[in-house]
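Take a look at the structure set out below.
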Amino acid sequence: MKGNTPLSVGRSPVYYVQNATTRTLILHGEEAIRVPLDQAQEFYDALWKRGVPVERVVYPRAGHFPGEPGQVLDLFNREITWCGRYVW
């Protein structure tokens, strides 16, 4: 716990967004339970407002990780493209 902040809030990336500068790729399942879609949107919005390069993709019918072959292929291709653009 950080101060009077509940542990779950202190673990949320949006709680630390004021320190963020790293380009971020958010890949999210529309039906994710562990991290609801609105939290991904909140993080995206906060990064965007800070001017941090951010991209967000939502996979319909997907939970925490997409299960449809086309979505999995799309996810891997986006990760490879992202790394090619910003990492390697």
Same cluster (ILVMFWY, side-chain, under 4.5 Å), V72 and I80: no

Ignoring hydrogens and angles, tell me if any N or O in the side chain of H28 forms a donor-acceptor pair with the backbone of V35 under 3.5 Å. yes

Shared hydrophobic cluster for L37 and I26 (ILVMFWY, side-chain gaps under 4.5 Å): no

Do R50 and V17 come within less than 4.5 Å of each other through their side chains, counting heavy atoms only? yes

Residue pair L27, E79: steps toward the side-chain contact (heavy atoms from CB on, under 4.5 Å) verdict: CA-CA 9 Å; L27 303 171; E79 289 175 336; 3.8 Å; yes

Can you tell me if Q71 uses its side chain to pair, donor with acceptor, with the backbone of Y59 under 3.5 Å? no

Salt bridge present between K49 and D45 (N-O < 4.0 angstrom): no

Under a 4.5 Å cut-off applied to non-hydrogen side-chain atoms, are D38 and E42 in contact? no

Any donor-acceptor pair under 3.5 Å linking the side chain of R61 with the backbone of E30? no

Distance only, no hydrogens: is a donor on one side chain within 3.5 Å (strictly under) of an acceptor on the other, for R56 and Q41? yes

L73 with L75, same ILVMFWY side-chain cluster at under 4.5 Å: no

Between R23 and V52, does a side-chain contact (heavy atoms from CB on, under 4.5 Å) hold up when you go through it step by step? CA-CA 6 Å; R23 295 172 179 94; V52 176; 5.7 Å; no

So does T22 get a backbone contact from the side chain of T24, meaning a donor-acceptor N/O pair under 3.5 Å? yes

ILVMFWY network linking W82 to F76, side-chain heavy atoms under 4.5 angstrom: yes

